[in-house]
Amino acid sequence: MELFNPALDKNISFVRPAYFIISGFTDIPNIKYYYVFLFVVYIVSVLGNTTVMVIICLDHNLRTPKYIAVFNLAFTDLIGSSALVPKILDIFLFDHPYISYNDCLTFMFFCYACLSMQPFNLVALSYDRFIAISFPLHYHVKVTHKFMFSLIASFWFFIITISVIAISLLTRLSYCKSVVINSYFCDYDLVQKLACNDNTLSMVIGHLLAALILWLPLLFILSCYSHIGYALSKVATVKERVKAFKTCTSHLSLVAIYFLPVMFTFAMTASIHPNTRIINMSLSAVFPPMLNPIIYVLQTQEIKVSVKKLLQIRKPSKITGTGIIIT
């Protein structure tokens with residue numbers, strides 16, 4: 001994390017605290033019930049995402065380009081929840097608010113890498129739906145296993161690279177004022193604001209990352225669905241339009257679950273209480289990983305068929321008078 005620290009080549013000393021203090025969720029009555037709620041959400045998230053990953057691995061019919069993206073979504077949600085929720089419980093429920101400087105940066109990296117990957121997974125799924133509906137005859141040529149693997153790998157490379165760069169820039173900062181972070185984790189924006197030297201570059205990078213990680217993917221997704229809407233408007237019958245649109249409902253639900261709470265919090269930051277903002281942001285981080293697998297199981301026909309097949313759920317057999325079994 002010291003890749004961009006100029007002090008390594010110059011005789012300059014930066015003041016680094018031995019630890020930071022995570023101080024979110026202060027003065028909230030009965031807050032321990034919220035921590036129990038987070039624990040329940042985490043357990044459901046782990047079970048749900050693990051189940052989706054196992055189903056995709058076991059069912060050969062789901063080894064398609066689309067489900068490569070779905071598998072990566074479940075994997076990202078599982079790792080992200082495991083990086084965030086247990087640490088939150090350790091900090092607040094078990095009263096361990098002190099976190100060392102290096103541990104804080106490491107915690108920050110895993111949280112931001114996984115949280116940042118979620119919208120890019122939605123980008124991959126939106127592109128899949130866009131090609132499937134707008135160019136159905138070219139789908140198997142344009143969206144191949146190789147293409148989807150390459151797309152997901154490039155997203156991971158991009159996210160990891162920008163996360164390392166952004167967090168490494170924090171090592172240029174001196175912390176000679178407060179070490180208290182009023183959040184539920186090592187928040188990049190709040191950490192760079194604690195610096196007592198020039199933090200302009202880190203502040204600019206923070207705004208740039210918000211644009212690249214949130215608003216650019218959202219713009220791409222909206223663009224894909226505007227083209228999908230145009231393509232469906234040219235379909236002859238309403239029944240065919242509805243049938244084609246139903247293939248998008250699970251993905252649109254994921255987009256709404258991820259982006260709407262984040263957009264609401266950003267829009268209302270100046271007018272809401274800090275504790276309300278912290279709770280909203282924490283819910284925005286833990287809810288999508290819990291709901292994503294549930295939505296895919298309930299709304300995606302291929303997953304439901306696969307679950308029934310794996311559990312060997314079949315229609316009851318009827319025995320006719322001739323002894324022939326009709327299934």
Side-chain angles (χ1 to χ4, degrees), residues 22-50 52 73-94 96-97 99 107-108 110-122 181-191 206 209-210 213-215 217-218 221 250-299:
I22 311 295
S23 67
F25 303 123
T26 57
D27 302 324
I28 302 178
N30 301 316
I31 190 61
K32 288 189 176 181
Y33 292 109
Y34 182 67
Y35 304 145
V36 174
F37 171 73
L38 288 181
F39 177 73
V40 174
V41 168
Y42 173 64
I43 295 300
V44 174
S45 176
V46 170
L47 293 176
N49 286 293
T50 302
V52 170
L73 177 66
F75 173 77
T76 304
D77 287 342
L78 179 62
I79 299 300
S81 295
S82 299
L84 182 63
V85 178
K87 190 62 178 178
I88 291 177
L89 297 178
D90 179 60
I91 291 172
F92 297 105
L93 186 60
F94 298 104
H96 297 144
I99 181 170
F107 182 32
M108 184 187 300
F110 280 102
C111 289
Y112 275 102
C114 293
L115 292 175
S116 300
M117 190 61 195
Q118 288 184 4
F120 284 94
N121 281 319
L122 299 178
I181 303 173
N182 186 26
S183 185
Y184 61 97
F185 77 119
C186 289
D187 191 314
Y188 178 89
D189 185 56
L190 297 182
V191 170
L209 292 185
I213 292 170
L214 286 176
W215 310 126
L218 180 59
I221 292 169
S250 57
H251 177 256
L252 284 172
S253 300
L254 303 187
V255 172
I257 289 169
Y258 181 82
F259 282 102
L260 289 180
V262 174
M263 294 172 65
F264 171 79
T265 304
F266 271 99
M268 302 295 293
T269 295
S271 58
I272 62 177
H273 192 276
N275 284 335
T276 304
R277 177 185 178 276
I278 291 172
I279 290 178
N280 286 343
M281 292 302 294
S282 63
L283 289 176
S284 300
V286 301
F287 252 39
M290 179 190 73
L291 295 177
N292 290 349
I294 297 174
I295 289 172
Y296 258 96
V297 169
L298 295 179
Q299 294 192 20

Problem - Shortest non-hydrogen separation from L122 to H251 and the atoms involved - result: O-NE2, 2.8 Å

Practice task
Verify side chain to side chain contact (heavy atoms under 4.5 Å, CB included) between V41 and V85, making sure each step is shown before the conclusion.
Solution key: CA-CA 9 Å; V41 168; V85 178; over 6 Å; no

Exercise for the section: Determine whether N275 and F25 make a side-chain contact, defined as any pair of heavy atoms from C-beta on separated by less than 4.5 Å. Expected result: no

Practice task
Look at atom OH of Y35 and say whether more than 12 heavy atoms of other residues, nucleotides or ligands are closer to it than 6.0 Å.
Solution key: yes

Problem - Minimum side-chain heavy-atom gap F92-P97 below 4.5 Å - result: no

Exercise for the section: Kindly compute the distance separating CG (N292) from OG (S81), expressed to the nearest 0.5 Å. Expected result: 9.5 Å

Problem - Non-hydrogen side-chain atoms of Y184 and I279 separated by less than 4.5 Å - result: no

Handout entry: Minimum heavy-atom distance A256-P261, with the two atoms named
Key = O-CD, 3.7 Å

Handout entry: Side-chain heavy atoms of Y258 within contact of L214, under 4.5 Å
Key = yes

Handout entry: Approximate separation, where rounding is to 0.5 Å, of I79 CD1 and C114 SG
Key = 6.5 Å

Problem - Partner set under side-chain hydrogen bond (donor to acceptor under 3.5 Å, both in side chains) for S282, not counting sequence neighbours - result: Y34

Practice task
Hey, could you give me the CG/OH distance between L47 and Y42, rounded to the nearest 0.5 Å?
Solution key: 10.0 Å

Practice task
Report the C-alpha separation of H96 and I91 in whole Å, then their side-chain angles, then the decisive distance to 0.1 Å, and conclude whether the side chain to side chain contact (heavy atoms under 4.5 Å, CB included) test is met.
Solution key: CA-CA 4 Å; H96 297 144; I91 291 172; 5.5 Å; no

Exercise for the section: Just do the side chain to side chain contact (heavy atoms under 4.5 Å, CB included) check on N121 and M117 with the steps written out, would you? Expected result: CA-CA 6 Å; N121 281 319; M117 190 61 195; 3.9 Å; yes

Handout entry: Heavy-atom donor-acceptor pair, Y188 side chain to Y112 backbone, under 3.5 Å
Key = no

Practice task
Using a 4.5 Å cut-off on heavy atoms from C-beta on, say whether the side chain of V44 contacts that of F39.
Solution key: no

Practice task
Evaluate the side-chain proximity of L73 to L254: yes if any heavy-atom separation is below 4.5 Å, no if none is.
Solution key: yes

Handout entry: Which atom of S45 lies closest to which atom of D77, heavy atoms considered
Key = OG-O, 4.4 Å

Handout entry: Partners meeting side-chain contact (heavy atoms from CB on, under 4.5 Å) with S183 (sequence neighbours left out)
Key = I181, F185, D187, L190

Problem - Check: L78 and P289 side chains under 4.5 Å, non-hydrogen atoms - result: no

Completion exercise
side-chain contact (heavy atoms from CB on, under 4.5 Å) filter on P293, not counting sequence neighbours, yields N49, V52

Practice task
Evaluate the side-chain proximity of F110 to S82: yes if any heavy-atom separation is below 4.5 Å, no if none is.
Solution key: no

Problem - Nearest heavy atoms of I99 and C186, plus distance in Å - result: CD1-SG, 4.0 Å

Exercise for the section: For side chain to side chain contact (heavy atoms under 4.5 Å, CB included), just list the numbers for I278 and N182, CA-CA rounded to whole Å, side-chain angles, deciding distance to a tenth of an Å, and then say yes or no. Expected result: CA-CA 8 Å; I278 291 172; N182 186 26; 3.7 Å; yes

